[in-house]
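Take a look at the structure set out below.
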There are 2 protein chains.
Amino acid sequence: MKGKRISLADIANELGVSKTTVSFVLNGHAETKKISKKTQERVEALVAKYNYRPNAVARNLRLGSTKVIGLIVPDISNPYYAKIARMLEDQASDKGYHVIFGSSSESIERERSILAKFRQQSVDGILLASADVNSPHIEELAGSGLPVVLFDRIASSSEVKLSSIGVDNKSAMRQVTKRLLANGSKRIAMVCNHIGQLATDSRVEGYQEAMNDANIQMESNWLQEVNESAGKSMDTIMAELLNAKQPVDAVVFSNSLLAQDGLKSIHQNHAEQIANLQLGCFDKLDLFDYVTPKVVYAEQPNEAIVRSAFETLLAQLPGQAKQQKEPAACTKVLHEVKVAV
Amino acid sequence: MKGKRISLADIANELGVSKTTVSFVLNGHAETKKISKKTQERVEALVAKYNYRPNAVARNLRLGSTKVIGLIVPDISNPYYAKIARMLEDQASDKGYHVIFGSSSESIERERSILAKFRQQSVDGILLASADVNSPHIEELAGSGLPVVLFDRIASSSEVKLSSIGVDNKSAMRQVTKRLLANGSKRIAMVCNHIGQLATDSRVEGYQEAMNDANIQMESNWLQEVNESAGKSMDTIMAELLNAKQPVDAVVFSNSLLAQDGLKSIHQNHAEQIANLQLGCFDKLDLFDYVTPKVVYAEQPNEAIVRSAFETLLAQLPGQAKQQKEPAACTKVLHEVKVAV
DNA sequence: GTGAAAGCGCTAACAC
DNA sequence: GTGTTAGCGCTTTCAC
């Protein structure tokens with residue numbers, strides 16, 4: 001059954017025409033190249049008979065474009081990125097692109113390596129949620145000629161000369177915190193991880209701003225960072241916050257994975273306090289629909305983010321015969337979040 | 001800056017050697033081809049200077065292998081498949097492979113189209129959780145020469161001549177049901193959908209076997225199939241089971257999506273019965289950690305499944321210079337589930 | 001209307 | 001030790 005895969009040349013030979021002719025027919029140049037109706041039909045018949053499909057690798061080599069775009073995220077199994085992946089797949093396949101993915105595991109080294117591999121594979125472009133947007137390799141990317149759009153993890157305003165699509169993290173967390181305050185909480189703690197990463201830091205700032213605006217004096221242990229290796233597990237943190245003489249009456253989490261962890265910890269060890277506790281979170285989880293207490297969250301317009309990220313990427317690709325004077329200027333977009341519960 | 005990407009020929013020219021020499025050095029044939037130390041060093045120096053990386057597309061064309069494997073699942077944003085994707089990525093990258101993915105949305109048409117696209121791109125092999133393992137296009141795959149391994153959604157025992165990796169659905173559901181019985185339930189109903197699909201039917205059998213083994217006479221409406229178009233919504237079914245004079249005291253769901261639906265229905269309409277109700281489910285949901293009543297579930301050994309699926313796929317690939325008499329016989333593996341709560 | 005031929009960048013058998 | 005060369009399968013200019 002195997003047999004050599006049939007090639008365009010085989011078709012041409014069997015028909016007694018040239019590869020050129022077959023190629024023209026296959027690529028819809030039949031009209032412009034004035035291939036006779038009869039020849040067209042003969043070609044199409046044989047193509048159908050053998051169920052011939054052109055070898056994309058050869059085509060790619062010739063054309064210098066693979067119709068593949070790379071998606072690099074910290075972890076594809078994170079439901080947030082998995083959703084992104086799906087949206088991207090849908091958008092991309094509409095335009096005839098495929099998606100190859102890589103998970104950096106928050107490691108710059110792995111990220112660089114994936115990036116390098118993807119370039120070698122000549123992906124047409126890359127959507128990147130970087131493990132560290134401040135790392136120098138991001139700078140280098142800008143001058144590399146490879147179309148790259150940063151999303152989700154984006155760099156502070158100007159500097160980096162790469163297109164970036166994201167949300168206003170600070171504003172989002174400020175809004176969530178304000179909502180919690182409006183609902184009556186006064187002693188609000190924040191649990192995060194990856195302090196030092198821009199997104200996290202911005203969210204922390206948003207929380208702090210909201211607290212300051214409300215004239216609440218934060219206690220020193222209200223800002224917590226999960227760090228297993230330093231013995232700061234979610235359980236430890238929750239115990240510290242909730243077993244105090246004066247426990248906190250609300251907790252905001254800097255991302256949804258933490259919220260999930262936190263919920264588990266609360267249910268396991270602090271169930272009796274659920275009634276008096278508010279929770280807040282950046283980003284949403286399906287889970288929130290089923291669980292007590294209700295969680296106030298900032299919902300990212302992911303569809304819009306992916307859409308503009310992908311469109312921005314397409315715009316950088318060569319061959320988008322537009323007013324391509326410059327190589328598609330570097331776009332920056334911040335989408336607005338929506339607070340919900 | 002952009003500039004033309006540098007090629008092997010450029011390196012060779014600048015060095016005044018032939019492409020062969022450079023190629024040999026780059027591919028580690030330096031020793032066997034007895035390239036002089038000095039030439040090696042000169043090549044390596046220039047490669048480093050230009051940060052030259054071979055064009056994988058050209059290489060692929062020449063070698064007929066892309067080092068890319070395709071993952072086709074119903075929906076990459078489904079956390080179950082997202083997890084699988086990540087495990088596969090990790091395994092694959094260890095062996096120098098990349099993963100490209102496609103979501104079929106449970107549509108055979110989309111699945112076929114993705115399959116066709118992936119072949120055109122000359123992926124080296126495919127891991128497929130098919131929208132319908134009984135569809136004829138699966139049969140065709142077997143004779144197509146493209147290495148494919150079925151997983152998760154696998155066909156009934158023999159027939160299909162494709163390697164398949166999955167779990168023993170019947171045994172899994174038998175175990176879950178037995179656990180419910182051991183915990184004291186006597187009147188256990190099962191809610192499923194997709195009766196007629198192999199996986200579902202096996203799970204139903206497992207439930208029935210467990211009930212028979214316990215000498216429990218099942219009542220006629222204990223086996224329920226959700227079917228919106230026939231007016232059998234989850235809410236209707238739950239009402240029928242739980243509002244009876246003699247309500248059931250446990251419900252098992254044939255998959256986790258149903259369990260999620262069922263939980264919602266129970267919480268909305270039958271909250272007072274939660275204390276006297278046991279739940280069972282094939283497969284786990286994060287949700288189960290947070291919700292009452294506790295759910296007994298069969299946990300799939302996903303790591304092991306992915307591992308054997310990938311290994312099986314590798315074994316089908318040409319060039320695994322082993323005792324390749326036959327094109328790697330078609331393997332079938334059923335992994336054992338673990339029951340947990 | 002159709003074909004010949006020149007590559008895209010790489011590998012590897014076969015010279016020398 | 002190193003170079004020549006023939007492709008892998010496709011697109012496309014230019015000729016007829």
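Each chain gets a letter, A, B and so on, in the order its sequence line appears, and its residues count up from 1. Values reported hereafter were calculated over all heavy atoms of this structure, with side chains retained and with hydrogens, waters and symmetry mates removed.
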* Structure fact -> Each nucleotide of nucleotides 8-16 of chain D classed B (base within 4.0 Å of a protein heavy atom), S (only sugar-phosphate) or -, in 5' to 3' order, makes BBBBBB---
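For an aromatic pair to be called close, the ring centres must be under 6.0 Å apart, and A:Phe101 with B:His98 fails this.
In this entry the distance linking CG of B:Leu15 with C1' of D:dT2 reads 13 Å, nearest Å. The interatomic distance linking A:Gln121 (CD) with C:dC8 (C1') rounds to 16 Å, in whole Å.
Classification of A:Arg153 and A:Glu106 as a salt-bridged pair holds, one side-chain N sitting under 4.0 Å from a carboxylate O. Taking a cutoff of 4.0 Å between a charged side-chain nitrogen and a carboxylate oxygen, A:Lys37 and A:Glu41 do not qualify as a salt bridge. Ion pairing between a basic and an acidic side chain is recognised when a charged N comes within 4.0 Å of a carboxylate O; A:Glu89 and B:Arg110 show such pairing. Contact check on A:Glu311 versus A:Arg307 returns no salt bridge, with no Lys/Arg side-chain nitrogen under 4.0 Å from an Asp/Glu carboxylate oxygen. Here B:Arg86 pairs with A:Asp75 in a salt bridge; the nearest charged N to carboxylate O distance falls below 4.0 Å. Of the charged side-chain nitrogens involved, none lies within less than 4.0 Å of a carboxylate oxygen, so that A:Glu140 and A:Arg119 do not count as a salt-bridged pair.
Checked against ring pair (Phe, Tyr, Trp, His ring centres under 6.0 Å), A:Tyr81 has no partners two or more places apart in sequence or in another chain.
Annotation: proximity of residues 37-45 of chain B to DNA chain C (heavy atom, distance under 4.0 Å) is found for no residue.
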